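Okay, so here's the structure we're looking at.
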Amino acid sequence: MNKDISRRNFLKTAGAAAVASSALLAACKGKKGVDTTGLSTQEPPKDKMTMRVNPNTGDKVSLLGYGMMRLPVEGGLSLRDNPDAAIDQEMVNREVDYAIEHGVNYFDTSPAYCRGMSEESTGIALHRHPRDKYFVATKLSNFSPDTWPRKESIQMFENSLKYLQVDYIDYLLLHAIGGGSRDMDALETFNARYMDNGILDWLVEQKKAGRIRNLGFSYHGDVKIYDMLLKWHDEGRYHWDFVQIELNYLDWQWANEINEDNTDAVYLYGELKKRGIPAVIMEPLLGGRLANVPDPIVAKMKQREPERSVASWAFRYAGTPDGVLTVLSGMTYMEHLRDNITSLAPLKPISKEEDAFLMEIAEDIYNLNTIPCNECNYCMPCPYGLNIPAIFAHYNKCIKDGNLANVERDPEERKGDPEYWRRRRAFLIGYDRSVPKLRQASHCIGCGHCVPHCPQRIDIPQEMRRVDEYTEKLRQNK
């Protein structure tokens, strides 16, 4: 497939392959150690987790890191499904216990995660274990101008220590550098958050005092800011002990194709590699999108590795490059934790042949033309009550499942096409079930409040119009 193939042609091809792929998947369902979703059901070993050594400190870090941004909530759901629910602390405790028991020792959180509840929940779960059994990473998430004054940013750091119930932070990050704010570009925003208030120098002092063991940053946005901070490292102005980047087999060379404001992972990783800076990997699954691919792509993967999950390909890919310290995954459910541990305990590195195979898969996924939302919830809450991640998730799922009907077809052609009406019904009923009507795209006024918070730099109001216009055409085509 080439880059100019249309989404419609790809979906047509995908639909034609569905019969063959469904037969293959049915065969996979009965295989030992694989359930109906393709996740491993085997109990992973407790002593096989691949470990990487931090060259700055000698820390032996688990290749699988636990991202605490998608914690389970009461009722057995996720925050996306029930944004107002409380964290299910008992389940968080159980999952953290299981992770540590199976060799996971890196836990990544932030004051901004889970509506501000992640650090406290993480601290409760981890404090039940000896301090030398885990490394805790958190961030200075001073996105709001209210937190830019020096006193407020310092208080955010002190609150992190309090909520996490620790005396020091193992890995402290400047959170999401490269992003702008509503009225400022990326450089102005970075300076306001970290330089004008002297906070970056204050963090360096805290590291010297032992309250921070490793200082780094996570990158989303304008690559000029990324390059600037690495230049400072080269000049000795600031030393970065690690850097967190988005890396997966789709973003390796397609990130800029999907959104011209994004930077391909091959560049981000290469800049760290040549400087010997350890890389922490985020979004190996792109918010779950690389674990929830169309059936024909699943079939391709299952032909090669019938007893491994689709997600395992992404974790193996992200964990293979030399210099990767840990690969983060925001795991809500125990079955995902178990499967991810299985993928990296131990790591089976991606071969050159498998790498070429995954580049073909990436091109297939790129041509689906989905909205590149990772469901990170940084855009939430919407001041007008919209459930932005849920809207995009439903639209993307319908693309993946082949349930986008051609609303531009001649009305007379539609009348006699039962497949059109099946897709129409699937989209509209599914939309109303997954997103309450008052939270749907039709209520977006285009205020842009969400845009500067999106790590993927999605033009959210524009995509809302895209979803709403499509939905309205479906509703009118009766």
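Everything quoted here is computed from the prediction, not taken from an experiment.
- For the pair R131 and Y168, the cation-pi test (distance below 6.0 Å, angle within 45°) is passed.
- Salt bridge absent: K151 and E158 never bring a charged side-chain N and a carboxylate O closer than 4.0 Å.
- A salt bridge is defined here as a Lys NZ or Arg NE, NH1 or NH2 lying under 4.0 Å from an Asp or Glu carboxylate O, and K208 with E205 fails to meet this definition.
- With Y171 as the partner, the side chain to side chain contact (heavy atoms under 4.5 Å, CB included) test is satisfied by one option alone out of N54, V136, L215: N54.
- Using a 4.0 Å cut-off between a side-chain N of Lys or Arg and a carboxylate O of Asp or Glu, K302 and E305 do not qualify as a salt bridge.
- Between E101 and R338 no salt bridge is recorded (no basic side-chain N to carboxylate O distance below 4.0 Å).
- Side-chain polar atoms of E95 and Y66 form a donor-acceptor pair below 3.5 angstrom.
- With a 6.0 Å radius and a threshold of 12 heavy atoms from other residues, nucleotides or ligands, E235 has its CD atom above the threshold.
- A 4.5 Å side-chain heavy-atom check between D170 and T57 finds every atom pair outside the cut-off.
- More than 12 heavy atoms of other residues, nucleotides or ligands shown are found within 6.0 angstrom of NZ on K207.
- The aromatic ring centroids of F107 and H129 lie 6.0 Å or more from each other.
- Residues K300 and E360 are not paired through a salt bridge, judged by the lack of any N-O separation under 4.0 Å between the basic side chain and the carboxylate.
- Under a 4.0 Å N-O distance rule, the pair D222/R457 does not qualify as a salt bridge.
- Residue M464 is tested with V467, D468, I460 for a side chain to side chain contact (heavy atoms under 4.5 Å, CB included); the sole match is I460.
- N377 and Y113 share no side-chain donor-acceptor pair at under 3.5 Å.
- With respect to D97 and R128, a salt bridge is recorded, a charged nitrogen being found less than 4.0 Å from a carboxylate O.
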